[in-house]
Structures are given as C-alpha cells and as structure tokens.
Amino acid sequence: LGDVYKRQKTNIGYILFLSIVAALGGFLFGYDTAVISGTIAQVSQQFGLTTLQEGWYVGCALVGSIGGVACAGVLSDKAGRKNTMILSAILFSASAIGCALSASFNELVVYRIIGGIGIGIVSIISPLYISEVSIAQYRGRLVSLYQLAITVGFLGAYLANYQLMLGAESAAQSGYPWIVKIFSDEIWRGMLGLETVPALLFFLIIFFIPESPRWLVLRNKDVVAGRILQRIYGSKNESEIQINAIRQVIGKESKSEWAMLLQPGILKAVMIGVAIAILGQFMGVNAVLYYGPSIFEKSGLSNGDSLFYQVLVGTVNMLTTVLALVIIDKVGRKKLVYYGVSGMILSLILIAFYFIKGAELGIPSIALLVFFLSYIFCCAISICAVIWVLLSEMYPIKVRGLAMSIAGFSLWIGTYLIGQLTPWMLQTITPAGTFLIFAGMCIPYMLIIWKLVPETTGKSLEEIEKNWIK
C-alpha cells in the first residue's frame, strides 16, 4: 500500500517535463549525426573534395564527439549537470550557424567539430540527468526517452533534407539572394543550418529546469536538493528519506574520484560498461545506419531512391524505440537484450545468406530490405534502448560522470572505428563476411549481459550502487 500511496503522490508530470527537456539534447545528437548524409555529394562538388577529404568531412564530427565525451564527465561533476547541458546547447547553436555561413571547407570542418563536441557532451549528460531526477519504477522508460529523441532526430534530419530538396525550386524564385543561396543553390547550407532552431530552443528551455538533486547533495546543498526532491516526490518526508539514502552512499565513498574508480567493484563496473559500449558498435548498427543506402544501391534495390529507404529505416527505428520505452520497465533490461540480440543474430545471418545465395536462388532484392528492417527492429528494441539506461544507472554517484565518460568515450571510439572500417570490410571480406562478423560479435555481448551485469529494473540508484561497492 505504501508503494501505491508513494506513486500517487509522485509528481510524474514534473519528472516527465525535466526528462523531455534533457532528451531534447538527444534530438540534436540524432539530427547532427544524420543530416550529414544528405550533404556529402553537394559539399564534395562545391569544394572539389578528394575521397580522403570526403571521409574527413563525414568523420570530423566524430572526432569532436570523442573530445566532448572525454571532458563531459569531469565537467558535469565539477560544474553541474545543468551548466554542462547549457554549454552543449551553445556549441550546437554555434555549429549550426557556422556551418550555414562557412566560406571554406576548413571553416566548415571546424564548425562540424564544434557540433561534435556538443554531441559528445550531451550523449553523457542528458541520460545522466534524466537518471538522476527519475524515480526507480519509471527510470528505464524516462532514460529511454533520450534514445527515442535520437531516433526522432535521425528521422527529422532525413525528412528535413527531403523537404529542402523538394522546396529548392520555389526557394530559387523567392528573389532574396540569401534565400536563393542557402535554400536552393547551396542547399547543404540550409540542411546544416536548420539545426539552429532546435538548438536555440534547447538552450532557452534548460533555464527552466533545476540542477540534478543528487549532484546538489554531493556538493552539500541539501536544502536546494530537498526542495527539488519534494517537488518530485510530493512529500517532505519522502525527500528527506531520499537525501538520507544519497548521504549514506556518499558517506562510504571517502576516496577521490580517480582512486574510487580503481576500487575492485567499481573498476569491474567500468570495464563492463566499456565492453558493452564497444561491442555494441561492432554488432553493426551504425554500419547499417551510415552505409545502408549504398548497400541497398549495390544490391540493385535502390534505383536512386535511397533517401526513401533511409526514411523507412528511420521510421522503424523510431517506432520500435517507442515500443522499447513502453516495455523496458516491465520486461527488464536483461530480457530485452536476450530477445533482441537473438533476433539480430538471425537477421544478420539472413542478410549474409542473401549476399551468398540470393542471386543463385533468385531471391527478390526486397527480401534484403525486409531483413534489414527486422535487424533495425531487433536492435532498436534491445541494445539501442538499453545501453544508455544501463550506463546512466550502473555507477556510484561520486564517479557517475567520470565513469560514464569513460564508457561513452569507448562507445564513440567504437563508432569512429566502425565508420572507418565498414567500407573496407564490405570491399575486402565481402558484404556476407562483414555481416557474419557482426553476428559473431553479438555472442560475447550476450554473455557479458547474462553473466556480469546485474538486473537494475525497479531498483533505486542507491540500491544499484550498493551492488558494486559491497
């Protein structure tokens, strides 16, 4: 009965508002990552890029992301989660405006790197903030809002690119030279610059949310934290219980952040986080999102309509994430991984089979699209939804920012490597070999989740913490 009473008093509307504001960072992450796909051909043509420069144009934001992730944790532990999100919003806005107005290729790369730093920061801080303002029974769903926002950002970028291409002709007749330049003659400027709108919205709306109460307790600001927790839990008594629970856990953590990271239990948690972050990238999800259109084209599926298939992949990705968000706290993190990764292995084997025997057996190329979409479905419902939830709740409060930065850093290194290696793998070991390797990488991932990761569903952050620092 106590639980039911607590749930009725909890201000879920307020928690949802805080989570949606932080998740807006995920939208910018998704948009910034995906918008590039529609601009590559035009930017290459305008600046006369070599293939190496083209690769650098696509990859430079990732370099920025790795830098952003490296400093995000330390920044948020020192300056606070809210101030760090404000910094990322400034970087996104500067990047979008700078890209739209770039006079040279080098200038464009600099602004893409600035946006990349914003992505790196937000990829750590948004899920971390949501995790720290959530209540145990809804935390999985609320942190999954961040992943959903990324997929909405992906789809938003694909649709924006598509709409801008369709509207280019009417923009050309507007008579305003700057509109003709940005939305018709050099339309890539419009694609990259459109991000200014959500970036400025994110910047303004962050001022309406409070600092993370758990971070405030860590900084001995219990009175301010108490007011925020009282608003979240709907009772002074419950907010005091929460502060005491946080204080108890912090009381056991006397060492400095780096010394704490080397404690056996916490080091184990960090190593597990690093392993699942890197392995998750080598199961092929970004390879499919980045190189899907060119794989479709080579299989005779696309006939120049790769943008439509991209929108289709983006839609399946987004709708499946909605489903994951609804069921993650009911089914549990680990079960979702077991079901989803099993489906991924099957889909990857079917994709490889299509490349080996498809032509010989006369399998229609539409079957490849079906296998790809089933792979995206299984991936979005499991590892994509679960990774940020797990990383944001696995670590002790004193090192949460730093530990998430280390795991996030390895995730971005994995993303960068897979982005660079996929074209080489598709060429050297054939598409079939590439997808079989991705399928093989799913097995150690499942074993780690099964044997080493505790089930965190329904537990408070303080209960999870006690698991590692027994």
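Values below: every heavy atom of this structure, side chains too, minus hydrogens, waters and symmetry copies.
Pairing each heavy atom of Ile448 with each of Ala275, the nearest pair is CD1-CB, 3.9 Å. In terms of heavy-atom proximity, Ile15 sits nearest to Val133 at CG2-O, 3.9 Å. Looking at every heavy atom in both residues, Leu28 comes nearest to Ala199 through CD2-N, 3.6 Å.
Side-chain contact check for Phe92 versus Ile114: every heavy-atom pair is 4.5 Å or farther apart. Using a 4.5 Å heavy-atom threshold, the side chains of Gln137 and Ile135 count as touching. Contact annotation: the side chain of Thr84 never approaches that of Tyr129 to less than 4.5 Å [non-hydrogen atoms, C-beta and beyond]. Considering only heavy atoms from C-beta on, Phe47 comes within 4.5 Å of Leu108 through its side chain. You'll find the side chain of Ile363 reaches within 4.5 Å of the side chain of Phe353, heavy atoms only. At least one side-chain heavy atom of Met394 sits under 4.5 Å from a side-chain heavy atom of Ile272. Taking 4.5 Å as the limit, every side-chain heavy atom of Met446 sits out of range of all side-chain heavy atoms of Met344.
Residues forming a salt bridge (Lys or Arg N to Asp or Glu O under 4.0 Å) with Lys357 (at least two apart in sequence, or on another chain): Glu360. Applying the side-chain hydrogen bond (donor to acceptor under 3.5 Å, both in side chains) test to Glu195 and every residue at least two apart in sequence or in another chain returns nothing. For Gln42, there are no side-chain hydrogen bond (donor to acceptor under 3.5 Å, both in side chains) partners at least two apart in sequence or on another chain. For Tyr57, the side-chain hydrogen bond (donor to acceptor under 3.5 Å, both in side chains) partners at least two apart in sequence or on another chain are Thr39. Annotation: salt bridge (Lys or Arg N to Asp or Glu O under 4.0 Å) contacts of Arg214 (sequence neighbours excluded): Glu462. Listed by chain and residue number, Asn467, Trp468 satisfy the side chain to side chain contact (heavy atoms under 4.5 Å, CB included) test with Pro454 (two or more places apart in sequence, or in another chain).
Here side chain to side chain donor-acceptor pair (under 3.5 Å) pairs that include residues 269-283, with residues two or more places apart or in two chains, are Gln281-Asn286, Gln281-Thr415. Evaluation of the salt bridge (charged side-chain N to carboxylate O under 4.0 Å, His left out) test over residues 152-164, restricted to residues two or more places apart or in two chains, returns none. A side chain to side chain donor-acceptor pair (under 3.5 Å) check over residues 142-157, counting only residues at least two apart or in different chains, returns nothing. Applying the side chain to side chain donor-acceptor pair (under 3.5 Å) test to pairs two or more places apart or on separate chains, those with a residue in residues 102-124 are Asp32-Arg112, Ser123-Trp412.
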Show the numbers, then the answer: is there a side chain to side chain contact (heavy atoms under 4.5 Å, CB included) between Trp450 and Val337? CA-CA 9 Å; Trp450 175 40; Val337 170; over 6 Å; no

Test side chain to side chain contact (heavy atoms under 4.5 Å, CB included) applied to Ile278 and Leu411, step by step: CA-CA 5 Å; Ile278 282 201; Leu411 186 138; over 6 Å; no

Show, in sequence, the C-alpha distance, side-chain angles and deciding distance for Ser131 and Glu393, and conclude whether the side chain to side chain donor-acceptor pair (under 3.5 Å) test is met. CA-CA 6 Å; Ser131 176; Glu393 64 190 11; 5.4 Å; no

Using the rule given for side chain to side chain contact (heavy atoms under 4.5 Å, CB included), can you reason through Phe282 versus Leu421, listing the C-alpha separation, both sets of side-chain angles and the distance that settles it, and then say yes or no? CA-CA 10 Å; Phe282 281 89; Leu421 285 172; 4.3 Å; yes

Just do the side chain to side chain contact (heavy atoms under 4.5 Å, CB included) check on Val122 and Phe202 with the steps written out, would you? CA-CA 11 Å; Val122 99; Phe202 184 46; 4.2 Å; yes

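Side chain of Thr434 to backbone of Met425: a donor-acceptor contact under 3.5 angstrom is found. Counting only distance, with no hydrogens or angles, the side chain of Ser65 and the backbone of Gly116 share a donor-acceptor pair below 3.5 Å. A distance-only check finds no donor-acceptor pair linking the side chain of Ser410 to the backbone of Ala277 [under 3.5 Å]. Judged purely by atom type and a 3.5 angstrom limit, Arg400 uses its side chain to pair as donor or acceptor with the backbone of Tyr395. In terms of modelled atom types and a separation under 3.5 Å, the side chain of Ser19 and the main chain of Leu142 share no donor-acceptor contact. No donor-acceptor distance shorter than 3.5 angstrom exists from the side chain of Ser76 to the backbone of Ile125, with no hydrogens or angles considered.
To the nearest 0.5 Å, atoms CG (Leu373) and CG (Leu369) are separated by 4.5 Å. The NZ atom of Lys82 sits 14.5 Å away from atom CG of Leu87, with the distance rounded to the nearest 0.5 Å. Rounding to the nearest 0.5 Å gives a distance of 9.0 Å between CD1 of Ile20 and CD1 of Ile205. Atom SG of residue Cys442 and atom CG of residue Leu279 lie 9.5 Å apart, to the nearest 0.5 angstrom. Rounding to the nearest 0.5 Å places CG of Leu91 at 12.0 Å from CD1 of Ile86. Between atom CD1 of residue Ile36 and atom CH2 of residue Trp188 there is a gap of 10.0 Å, rounded to the nearest 0.5 Å.
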Please list, one pair per line, the donor and acceptor atoms closer than 3.5 Å that link side chains of residues 375-391 to other protein atoms, with sequence neighbours excluded.
residue	atom	partner	partner atom	Å
Tyr375	OH	Met283	O	2.6
Tyr375	OH	Val285	N	2.9
Ser382	OG	Cys378	O	2.7

Report all side-chain donor-acceptor pairs from residues 311-325 shorter than 3.5 Å, counting only partners two or more places apart or in another chain.
residue	atom	partner	partner atom	Å
Thr315	OG1	Val311	O	2.7
Thr320	OG1	Val316	O	2.6
Thr321	OG1	Asn317	O	2.6

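In summary, the aromatic rings of Phe372 and Phe435 are positioned with their centroids under 6.0 Å apart.
Ring planes of Tyr354 and Phe371: perpendicular class, angle over 60° (limits at 30 and 60°).
Crowding of Lys334 atom NZ: a count of heavy atoms from other residues, nucleotides or ligands under 6.0 Å exceeding 12.
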